[in-house]
Protein chains: 2
Amino acid sequence: MTSHPPALDELDRKIIAALIANARTSFAEIGAEIGLSAPAVKRRVDRLKEAEVITGFTTMVSPGALGWGTEAYVEVYCDGAAPPRRLADVVRDYPEITAAMTVTGGADALLHIRATGIQHFEEVLERIRAEPFIRKTISVIVLSHLLAGSPEAAASPTSPTAPSRPYGETNRR
Amino acid sequence: MTSHPPALDELDRKIIAALIANARTSFAEIGAEIGLSAPAVKRRVDRLKEAEVITGFTTMVSPGALGWGTEAYVEVYCDGAAPPRRLADVVRDYPEITAAMTVTGGADALLHIRATGIQHFEEVLERIRAEPFIRKTISVIVLSHLLAGSPEAAASPTSPTAPSRPYGETNRR
DNA sequence: CATGAAAGACACAACAT
DNA sequence: ATGTTGTGTCTTTCATG
């Protein structure tokens with residue numbers, strides 16, 4: 001809950017698109033492309049960070065090159081009594097769990113896991129299954145990627161096929 | 001296929017860790033933390049990009065703020081004859097599909113989808129199911145996230161619980 | 001291969017429009 | 001809210017151990 005109603009305009013979206021494409025693009029260069037001065041771009045970026053529209057700048061690495069050769073999704077089934085949100089505490093203790101979310105369907109939660117290899121993944125899975133209120137797990141191992149993008153990268157800011165202006169639409173000011 | 005066998009050392013990993021934490025960190029600041037000059041850091045980063053260990057710098061945005069309020073994973077079952085890799089072509093035509101991979105288990109592929117809302121998601125799903133060689137889909141809608149981290153950001157480069165040096169281990173030089 | 005110095009580009013913070 | 005100016009820092013290239 002950020003106090004201010006964000007209300008992004010065209011320029012904000014172009015700035016975000018540029019920064020998603022390359023987080024190290026200079027404000028001057030972004031400004032040149034959209035017809036704004038560098039300080040103006042910086043101010044908008046600061047605002048977007050303040051409003052938590054931009055949540056951070058990160059670097060994409062090829063996990064394989066760092067030794068994380070195995071990737072998997074694990075559906076987790078909890079005991080009826082235990083609220084799946086309690087998983088939040090557990091999940092933090094596993095560095096191999098890179099994402100965790102509650103989901104609809106038979107499973108209570110879905111985990112994204114990275115391991116150095118199958119044997120490491122098996123070891124992680126055994127530890128997870130030993131957690132008190134976890135009833136069963138179903139694992140799906142990723143074989144190969146068909147698309148470059150990551151699940152976390154939101155779809156392009158300028159909504160494509162979607163309703164022209166998805167969410168906050170009123171012109172600022 | 002990059003010609004050179006990368007072989008990362010401790011300094012490379014610290015640089016990568018710093019850039020994952022904040023892709024806009026200055027080379028000078030990184031250098032100060034690990035005892036290297038700014039140009040030295042830049043040269044290593046350039047090498048890491050060249051070796052495709054670092055694949056890019058991107059910005060994390062809160063998808064909800066951009067109007068992408070619905071997130072789902074969809075398991076795709078293909079017709080026996082059609083190779084799941086053919087999905088690569090199809091998948092590119094959907095801006096809503098932010099990740100796609102082939103997987104083990106009953107399903108042939110797993111899609112990560114972002115939509116502006118349930119009705120938009122339903123519309124996307126219908127289009128996908130109308131594709132020629134797709135037999136059935138199973139959808140799982142994300143309710144809430146239990147972890148902040150992004151799936152693509154591989155678990156911290158300084159491998160934590162994992163085998164001390166996962167992959168490339170020989171000292172450079 | 002890493003360092004150090006120099007020129008150019010950039011970020012950042014006033015102030016003015 | 002944006003543009004402009006000024007200052008300090010950073011990036012980047014080139015020369016050097």
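Values in this document were obtained by computation on a predicted structure and should not be read as measured data. Only this structure's heavy atoms are used, side chains among them; waters, hydrogens and symmetry mates stay out. Labels below follow one simple rule: chain letters A, B, ... track the order of the sequence lines, proteins then strands, and each chain is numbered from 1.
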Whole-Å distance between [N] [atom2] and [X] [atom1]?
{"X": "A/Lys49", "N": "C/dA11", "atom1": "NZ", "atom2": "P", "answer": "12 Å"}
{"X": "A/Phe57", "N": "C/dA11", "atom1": "CZ", "atom2": "P", "answer": "11 Å"}
{"X": "A/Arg47", "N": "C/dC12", "atom1": "CZ", "atom2": "C1'", "answer": "18 Å"}
{"X": "A/Lys42", "N": "C/dA14", "atom1": "NZ", "atom2": "C1'", "answer": "13 Å"}
{"X": "B/Glu50", "N": "C/dC1", "atom1": "CD", "atom2": "C1'", "answer": "17 Å"}
{"X": "B/Asp9", "N": "C/dC1", "atom1": "CG", "atom2": "C1'", "answer": "12 Å"}
{"X": "A/Ile15", "N": "D/dA1", "atom1": "CD1", "atom2": "P", "answer": "13 Å"}

Nearest-nucleotide 5' precedence on DNA chain D, A/Ala38 against B/Pro39: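 Result: A/Ala38.
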Checking B/Tyr73 against A/Glu75: is there a side-chain donor and acceptor pair closer than 3.5 Å? no
Under 3.5 Å, is there a donor-acceptor pair linking the side chains of A/Ser144 and B/Thr102?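 Their side chains do contain a donor-acceptor pair, which is all the 3.5 Å distance test asks for.
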Does a salt bridge link [X] with [Y], judged by any charged N lying under 4.0 Å from a carboxylate O?
{"X": "A/Arg47", "Y": "A/Asp12", "answer": "yes"}
{"X": "B/Arg44", "Y": "B/Asp9", "answer": "yes"}
{"X": "B/Glu71", "Y": "B/Arg114", "answer": "yes"}

Listed pairs under 3.5 Å, donor-acceptor, residues 31-43 of chain A side chains, sequence neighbours left out:
{"unit_1": "A/Lys42", "atom_1": "NZ", "unit_2": "A/Asp46", "atom_2": "OD1", "d": "3.4"}
{"unit_1": "A/Lys42", "atom_1": "NZ", "unit_2": "A/Asp46", "atom_2": "OD2", "d": "2.6"}

In residues 24-36 of chain B, which residues come under 4.0 Å of DNA chain C by heavy atom? B/Arg24, B/Leu36
Are any of A/Arg43's side-chain N or O atoms less than 4.0 Å away from OP1 or OP2 of C/dC12? no
